[in-house]
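Right, one structure below, let's go through it.
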Amino acid sequence: MYAKQFSEGEPFRCAGNEFVMLLPRDETKACEAVLQMVRPGGTTPPNSHDTFMQIYLIWSGEANVFIGVESRRLSAPAVAFVPPRAEHWVENLLPDRELHYLCISVWPDGIPAEEFDGGWKKVYAGIIDSYVSRGYPVEPQR
């Protein structure tokens, strides 16, 4: 059985925002759940994924969610679906508090070896490096 409190997740930083790994791909072999906390007025980097889809469950704050060529302003509680291969990112619209949402990634055809081997920490280290190369900071900017 895999069940835990959010407070038991493993925190990490990426693109100037705080994250908590709650349900790693290493445990499920099919999906992953990450708590994302976007700094006031901040964004996540535009990105896309060929092999998996994502569901955002926004429970605190207000955001612009960009998926493909569309965007939608959402206030918590809200949900958004990101299909495979769609460029997407999230913008926190509030200047004075974090945006909190759960990002659930699902690999309908199973997780490819390059997205699984070495575990989630190795995979995210590569993601973080790619964002840094695009000018995004690792540490939150306060």
How far apart are the C-alpha atoms of H49 and E115, what are their side-chain angles, what is the distance that settles it, and do they pass the side chain to side chain donor-acceptor pair (under 3.5 Å) test?
-> CA-CA 11 Å; H49 318 283; E115 295 176 38; over 6 Å; no

Sidechain-backbone polar pair: [X] side chain, [Y] backbone, donor-acceptor under 3.5 Å:
X   : Y    : result
D26 : W120 : yes
R13 : F19  : no
R25 : S105 : no
R73 : L93  : no
N17 : G42  : no
D50 : R85  : no
N47 : P45  : yes
N92 : A63  : no

How about P108 and M53: do any of their side-chain heavy atoms sit closer than 4.5 Å?
-> yes

Can you find a pair of side-chain heavy atoms, one from R72 and one from F66, that are under 4.5 Å apart?
-> no

Give a yes or no on this: more than 12 heavy atoms of other residues, nucleotides or ligands lie within 6.0 Å of atom NZ of K122.
-> no

Enter the distance from W59:CH2 to L35:CG here, rounded to the nearest 0.5 Å.
->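 Rounded to the nearest 0.5 Å, the CH2-CG separation comes out at 4.0 Å.
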
Value for OG1 (T51) from CH2 (W107), rounded to nearest 0.5 Å, stands at 6.5 Å

State which residue, out of I104, I67, V90, L102, fulfils the side chain to side chain contact (heavy atoms under 4.5 Å, CB included) condition with Y56.
->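 Output: one option passes, namely V90.
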
